[in-house]
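First the structure, in the form of structure tokens, and then the observations on it.
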Amino acid sequence: MKLSLPPRTARGVLVTATLAACLAACSVSVKQAATTTSAPGSTAPATSSPTTNGSGNGSGTSTVAWHECGGGFQCGTHTVPLDWFHPGAGTISLALIRRPAGDPSRRVGSLFFNPGGPGEPGVSFLRDLAGSGSTLPKTLTDRFDLVSWDPRGTGNSAGIRCIPASEQEQAALDPTPNDAAAVAALQKLETTDVARCVAQDGKVIPYVGTRETARDLDALRAAVGDAKLHYVGYSYGTEIGEQYLRDFPTHVGAMVLDGVVVPGEDPITSGHDQIKSFEADLDAFLADCAARPSCTFGNGNPKAALQALLAKLETGVRLPADYTSQDDRGTSHTRTGTLGIGEAITGIITPLYSKDDWPALEKALAQATSKTDPNGYLLLSFRDSLQGRDRDGTWSHLPDAFEAIGCADQPQRATSVLGSKALIAAWSKEMPFLGATQATGSPGCYRWPAARYPVSKPTRGDFAKAPPMVFVNSTQDPATPYAQAQQMQALVPGSRLVTWESADHTSFGRGHACIDDPVTAYLVSGTLPPAGLRCKP
């Protein structure tokens with residue numbers, strides 16, 4: 001389906017395949033983890049229309065009470081109905097951030113960004129995206145107020161937080177349990193964690209799905225004073241954009257969707273396609289390593305070395321994996337932990353989101369398989385990064401929001417914590433490294449409450465009134481396979497697909513002129529990129 005994390009349960013168990021295609025991540029990079037971590041001692045139901053959309057056409061003047069919040073940014077809040085389909089059920093406050101246009105005299109309007117997830121807060125994302133060192137095109141930052149928000153259930157918009165940080169640091173369970181005791185432990189964990197989430201955030205959980213968030217976005221568009229929405233969505237953020245395009249086609253000015261998701265896809269089908277892409281990128285990494293005499297992992301046979309490592313960890317062996325990270329103030333924070341099979345699988349998946357991170361994966365695997373001093377600290381740090389650990393040692397609530405939002409969108413529910421044994425066997429044979437971890441627990445959402453407003457799969461007719469728009473996707477994107485972008489482009493008449501020929505998850509705004517220049521021109525003036533545009537690193 002989409003997201004910013006692998007399918008997981010609490011404490012990083014890659015099992016439930018919560019939305020089955022939920023390996024997507026919008027902005028994950030292991031570069032930071034690789035350069036800021038070090039071994040100890042060093043310092044480095046209803047389907048009816050809502051009764052109101054509460055939006056309006058946009059007055060040209062923002063009604064948000066903005067205030068300065070550091071770094072050239074302004075922050076504010078906006079209140080919307082908790083349940084757009086029954087507006088009398090209370091309200092929810094959404095946190096916003098904006099960076100005003102650098103050239104106010106030539107300002108086009110506001111440009112909304114969503115980083116994906118689901119579960120990723122937009123406020124912190126925009127600070128990173130548009131702060132110092134930003135690679136966004138200057139034309140974009142000059143001509144638009146850059147805006148983002150914490151979607152409902154994330155960050156400071158009634159963020160869902162069920163699992164204490166202390167539990168995030170506990171050893172992960174085996175993601176593919178194969179004995180009665182391991183299955184019982186997993187079932188207990190799943191049941192307990194879901195019950196705790198419902199007990200703590202049950203008033204919000206039914207209303208955090210994408211159909212509600214799309215209506216929030218329309219209300220925010222009007223609140224900042226814009227008659228038309230200009231929007232960039234990454235990964236799961238593309239699903240928000242696609243739902244908005246279905247619900248409010250006449251409110252769209254320009255829309256760029258990068259790392260494309262197909263909404264409402266059968267979770268087993270989409271999960272298979274996604275894990276197949278990850279496995280293909282892992283195979284490509286191993287082949288690249290085998291072809292280079294300089295590769296430090298595997299002594300000429302990295303595939304066999306990885307198989308041996310995973311087989312070793314499957315027996316219950318855990319490697320030492322303590323590491324130290326430094327926060328923005330230079331203060332060191334030590335993470336005490338070990339690397340087992342659960343952490344290793346996630347740690348291997350994380351660098352596959354971008355080909356630029358393959359050297360980091362090579363280094364991590366070489367450390368974990370060292371004959372003299374095997375250590376899993378880099379793989380653990382990669383896993384922790386994907387699970388929401390910051391360099392200051394704190395943990396975000398992203399995994400909790402991830403599951404809640406995904407399961408609010410998905411009507412299917414697994415009836416067993418393991419899912420189908422036949423599916424596990426088939427995917428294990430087809431994709432020997434990663435298949436079993438994605439098949440286990442499919443279609444996910446085990447023990448979660450029924451989805452109140454699930455997302456449906458779109459048809460071409462859903463976009464009959466939509467304007468042409470721009471899709472962007474990498475040919476070897478592991479999290480959101482290229483075929484999904486092709487499928488969605490075919491549904492939106494006149495739209496264009498910009499192709500990035502690489503193994504990366506999302507690409508716009510990273511400083512690639514071949515992509516950034518024509519996509520920026522589209523956002524500013526409405527001129528679509530050339531048909532069939534393909535770009536290479």
Side-chain angles (χ1 to χ4, degrees), residues 1-25 45-47 82-83 85 92 116-120 151-154 157-163 186-187 189-214 216 235-237 239-240 243 261-271 274 387-388 397-419 438-457:
M1 183 166 147
K2 49 242 178 202
L3 314 330
S4 194
L5 293 176
R8 67 175 301 283
T9 63
R11 297 191 274 282
V13 182
L14 279 164
V15 181
T16 56
T18 306
L19 304 158
C22 292
L23 279 168
T47 57
L82 176 64
D83 182 352
F85 296 84
I92 188 171
E120 188 76 29
R152 53 175 60 211
T154 78
S157 298
I160 294 169
R161 183 181 292 275
C162 315
I163 311 304
L186 179 60
Q187 182 157 344
L189 177 69
E190 285 285 294
T191 303
T192 299
D193 287 347
V194 172
R196 179 163 46 184
C197 281
V198 172
Q200 293 181 190
D201 293 298
K203 292 183 179 180
V204 176
I205 283 173
Y207 310 108
V208 296
T210 303
R211 295 179 67 195
E212 300 271 12
T213 293
D216 290 345
S235 197
Y236 162 74
E239 184 169 336
I240 296 173
Q243 186 65 47
V261 171
V262 178
E265 182 66 274
D266 171 71
I268 293 179
T269 299
S270 59
Q274 191 177 56
Q387 293 294 117
H397 72 298
L398 202 159
D400 304 321
F402 170 95
E403 286 201 270
I405 295 170
C407 293
D409 280 354
Q410 175 183 309
Q412 298 90 342
R413 295 291 185 268
T415 56
S416 162
V417 73
L418 285 181
Q438 182 74 348
T440 303
S442 288
C445 299
Y446 178 67
R447 295 292 175 92
W448 277 87
R452 187 165 301 196
Y453 305 124
V455 172
S456 62
K457 189 173 181 179

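No experiment lies behind these values; they were computed from the predicted model shown.
- Val194 is linked by a side chain to side chain contact (heavy atoms under 4.5 Å, CB included) to Val198, Arg447, Trp448, counting only residues two or more places apart in sequence or in another chain.
- The side chain to side chain contact (heavy atoms under 4.5 Å, CB included) search around Asp83 returns Phe85, His86, Ala89, Tyr207, Glu212, Tyr453, not counting sequence neighbours.
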Legend entry - Derivation of the side-chain contact (heavy atoms from CB on, under 4.5 Å) call for Val262 and Ser270: CA-CA 9 Å; Val262 178; Ser270 59; over 6 Å; no
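- Using modelled atom types, one finds a donor on one side chain and an acceptor on the other under 3.5 Å when comparing Tyr446 with Gln187.
- Arg413 places a side-chain N or O within donor-acceptor distance of the main-chain N or O of Gln410, the cut-off being under 3.5 Å.
- Within the 4.5 Å cutoff, the side chain of His397 has no heavy atoms near those of the Ile163 side chain.
- Judged by distance alone, with hydrogens and angles left aside, the side-chain atoms of Thr154 form a donor-acceptor pair with the main-chain N or O of Pro151 at under 3.5 Å.
- Summarising the geometry, atom CG belonging to Asp409 is positioned 8.5 Å from atom CD belonging to Gln243; distances are rounded to the nearest 0.5 Å.
- Taking each heavy atom of Ile240 and Ala214 in turn, the nearest pair found is O-CB, 4.3 Å.
- Taking both residues in full, the closest heavy atoms of Ala408 and Val208 are given as CB-CG2, 4.1 Å, listed atom of the first, atom of the second, then distance.
- Annotation: the span from Ser456 atom OG to Glu265 atom CD amounts to 12.0 Å, rounded to 0.5 Å.
- The heavy-atom pair separating Glu239 from Val261 by the smallest distance is OE1-CG1, 3.5 Å.
- Atom SG of Cys445 and atom CD of Glu403 lie 7.5 Å apart (nearest 0.5 Å).
- Rounded to the nearest 0.5 Å, atoms CG (Leu186) and OG1 (Thr191) are 9.0 Å apart.
- A donor-acceptor pair is defined here as one N or O able to donate and one able to accept, closer than 3.5 Å; such a pair exists between the side chain of Arg152 and the backbone of Leu82.
- Judged by distance alone, the side chain of Ser416 and the main-chain N or O of Leu418 form a donor-acceptor pair under 3.5 Å.
- Considering only heavy atoms from C-beta on, Cys197 comes within 4.5 Å of Ile205 through its side chain.
- When all heavy atoms of Ser442 and Ile268 are compared, the pair lying nearest together is CB-CG1, 4.2 Å.
- Among all heavy-atom pairs drawn from Ala404 and Ile160, the shortest one is CB-CD1, 3.5 Å.
- The two residues Pro118 and Ile405 have their closest heavy-atom pair at CB-CG2, 3.4 Å.
- Between Asp266 and Gln412, some side-chain heavy-atom pair lies under the 4.5 Å cut-off.
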